[in-house]
Number of protein chains: 2
Amino acid sequence: MPDPARIYTTKSDYAYDRVRKMILEGHLAPGQVLNQASLATEIGISTTPLREALRRLKGEGLVELDAHRDGRVSPLSAEEARDLLEIRRSLDPLAAALAAERRTKADIAEMRSAHEGLEPLPGDPSYDQLLHHRRFHAAIYFASHNDILISTLEELWNKADRYRRMALQVERGQAARDQKAHEHQSLLDCIISGNVEGAATVMREHIDTSLGAHAAWRLKQQTDES
Amino acid sequence: MPDPARIYTTKSDYAYDRVRKMILEGHLAPGQVLNQASLATEIGISTTPLREALRRLKGEGLVELDAHRDGRVSPLSAEEARDLLEIRRSLDPLAAALAAERRTKADIAEMRSAHEGLEPLPGDPSYDQLLHHRRFHAAIYFASHNDILISTLEELWNKADRYRRMALQVERGQAARDQKAHEHQSLLDCIISGNVEGAATVMREHIDTSLGAHAAWRLKQQTDES
DNA sequence: TTCAAGGTTATAGCGTACAGAACCCACCTC
DNA sequence: GAGGTGGGTTCTGTACGCTATAACCTTGAA
């Protein structure tokens, strides 16, 4: 556990990171009730900065918070999975296209470095593996040089992460994982060579066959059955 | 001035609405320093709920807030105007297409009602006129039945509003305003008749020739000159 | 006996006031 | 003129009191 005073400029930021990580890693399960007092003592701060963090997470849709009601971690739903997919299907290709247009030498270096040793996620991936995967996509976002697009996509990524984890509970075949690796490679090639159309097309394909798409499909099945 | 206790469930929400409105209406100018203590007394609350509101506005990009530094209203910039346009050019057509696919009878009624008496914005528009215009577009967003897309677009709209205001300082010709009215009409027609492709196309056109686009162009000129 | 409705109490979130910490600026010294 | 130090200002965090909600219990009627 890092020392809050050393790394973060405010305890509010620290609380935000801690709680967010707890939600994304599943230590706080979807639907779980959040007691502000006990959460605050667990993190080691008082309730005011925690509240600010929770409000921020509410803004990002990770927690539900009504006045004078106990807050809870937002539950997963087939609708949200579908919603996320529809937007990312539109914005991720945009980011890839813009990246192919505007990438600098530094961007290319970062994308190459993030791609280095990147392997398709196994079932039950480590936090580091998820981070590595994210870093590659974040590098593409960054190369778009559109700040609002970057932060929007980062937020969508956070929301999607919980669905990704869910999809990874079912082991994928080697063929599917090879396919993902191939897509990462051609994504990189297209962006570096300035192939705007190609980058967008590959990215759209990448999203359509992504873990999030699998999760959306599975959740829809569950909903339709019941 | 509304009584906070009566309308809002928390003072934090009240403060958020008040400050946001002050920024969007220009009572707090871009770049202006925000003193928490005086802002709080002006609104009639203490600093804690105000701080929560400011943090929320920071998340939406309307204020800049660093640790232990004085906060300020985010300045306008050519980059942000361009960034906004690029994303809206992608997401607004998506919303229109989804709306054409999923609109319910209630959606159609609301879109029709919002379109009723809608007139292209004059120079120096009233708050009500801006609201009416927004209501029409919000009705389209809503008909997409994608909650994340709706909230994302609402946020982008807020950010874009300040640029819209800027563009309206230059009076538009009657031809341009007639064109906008025509676009609103065919947007409505396409969505109601379920013309998915058409709705997306008209919306893209609508964005490309929007006030935000004019503002982006003007800001770019200014930057290039200096 | 069971269910429903109203009131009361307990619990947990919200708001205020104040104390603490960090930053900025002015002033002084070298 | 440049660098450092001190005071003042403003933001951040804590503690506590307030208020709203919800759960439980009692009471009455079916």
Side-chain angles (χ1 to χ4, degrees), chain A residues 1-20 22-23 28-75, chain B residues 1-20 22-23 28-75:
Chain A
M1 183 162 55
D3 178 8
R6 236 151 239 299
I7 301 177
Y8 296 89
T9 48
T10 67
K11 299 207 175 178
S12 181
D13 286 348
Y14 174 67
Y16 168 77
D17 263 23
R18 279 293 295 276
V19 177
R20 183 167 142 276
M22 284 162 99
I23 294 174
L28 290 173
Q32 185 172 336
V33 171
L34 299 172
N35 183 305
Q36 294 188 357
S38 53
L39 237 189
T41 52
E42 187 183 338
I43 292 176
I45 57 171
S46 67
T47 57
T48 302
L50 174 65
R51 234 158 63 203
E52 288 172 359
L54 290 178
R55 287 253 157 80
R56 201 168 149 195
L57 290 165
K58 177 195 176 186
E60 296 178 8
L62 284 177
V63 310
E64 295 178 348
L65 212 56
D66 286 319
H68 293 286
R69 299 255 171 71
D70 45 29
R72 43 188 72 233
V73 180
S74 299
Chain B
M1 182 164 57
D3 177 9
R6 234 151 241 300
I7 301 177
Y8 295 88
T9 48
T10 67
K11 299 208 174 178
S12 180
D13 286 348
Y14 173 68
Y16 168 77
D17 262 25
R18 279 291 297 276
V19 177
R20 183 168 141 275
M22 283 162 99
I23 294 174
L28 291 173
Q32 185 172 336
V33 170
L34 299 172
N35 182 305
Q36 293 187 356
S38 52
L39 237 188
T41 52
E42 187 183 339
I43 292 176
I45 56 171
S46 68
T47 56
T48 302
L50 174 66
R51 233 158 64 201
E52 289 171 0
L54 290 178
R55 287 254 157 80
R56 200 168 149 195
L57 290 165
K58 178 195 175 186
E60 297 179 8
L62 284 177
V63 309
E64 294 179 346
L65 211 55
D66 286 320
H68 294 288
R69 298 255 168 68
D70 46 27
R72 41 187 75 232
V73 179
S74 299

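In what follows, chains are A, B, ... by sequence order, proteins preceding strands, each numbered from 1.
Between Gly71(A) and Leu65(A), the shortest heavy-atom distance links the atoms CA-CD1, 3.6 Å. Of all non-hydrogen atoms in Gly31(A) and Arg72(A), the two that sit nearest each other are O-NH1, 3.3 Å. Pairing each heavy atom of Thr10(A) with each of Ala67(B), the nearest pair is CG2-CB, 3.4 Å. Annotation for Pro75(A) and Pro30(A): closest pair CA-CB, 3.8 Å, computed over non-hydrogen atoms.
Under the side chain to side chain donor-acceptor pair (under 3.5 Å) criterion, Glu60(B) pairs with Tyr16(B), sequence neighbours left out. Residues passing the side-chain contact (heavy atoms from CB on, under 4.5 Å) test with Asp17(B), sequence neighbours excluded: Tyr8(B), Arg20(B).
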Kindly list each side-chain donor-acceptor pair under 3.5 angstrom involving residues 34-41 of chain B, sequence neighbours excluded, with atom names and distances?
from     : atom 1 : to       : atom 2 : distance (Å)
Asn35(B) : OD1    : Ala37(B) : N      : 2.9
Asn35(B) : OD1    : Ser38(B) : N      : 3.1
Asn35(B) : OD1    : Ser38(B) : OG     : 3.4
Ser38(B) : OG     : Asn35(B) : O      : 3.2
Thr41(B) : OG1    : Ala37(B) : O      : 3.3
Thr41(B) : OG1    : Ser38(B) : O      : 2.9

From CA spacing to verdict: salt bridge (Lys or Arg N to Asp or Glu O under 4.0 Å), Arg56(B), Asp13(B): CA-CA 10 Å; Arg56(B) 200 168 149 195; Asp13(B) 286 348; 3.3 Å; yes
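Interatomic distance, NE2 of His68(A) versus OG1 of Thr9(B), reported as 7.5 Å (0.5 Å rounding).
The stretch residues 28-35 of chain A has no heavy atom under 4.0 angstrom from DNA chain D at all.
Where DNA chain C meets chain A (any atom under 4.0 Å from a heavy atom), the bounding nucleotides read 5' to 3' are dA12(C) to dG15(C).
Here Lys58(B) does not pair with Asp66(B) in a salt bridge; the nearest charged N to carboxylate O distance is not below 4.0 Å.
For Asp13(A) and dC11(D), the CG to C1' distance is 13 Å, given to the nearest whole Å.
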Any chance you could list the contact pattern along nucleotides 12-24 of chain D? Use B for base contacts, S for sugar-phosphate-only contacts and - for none, protein heavy atoms under 4.0 Å, 5' to 3'. BBBB----SSS--
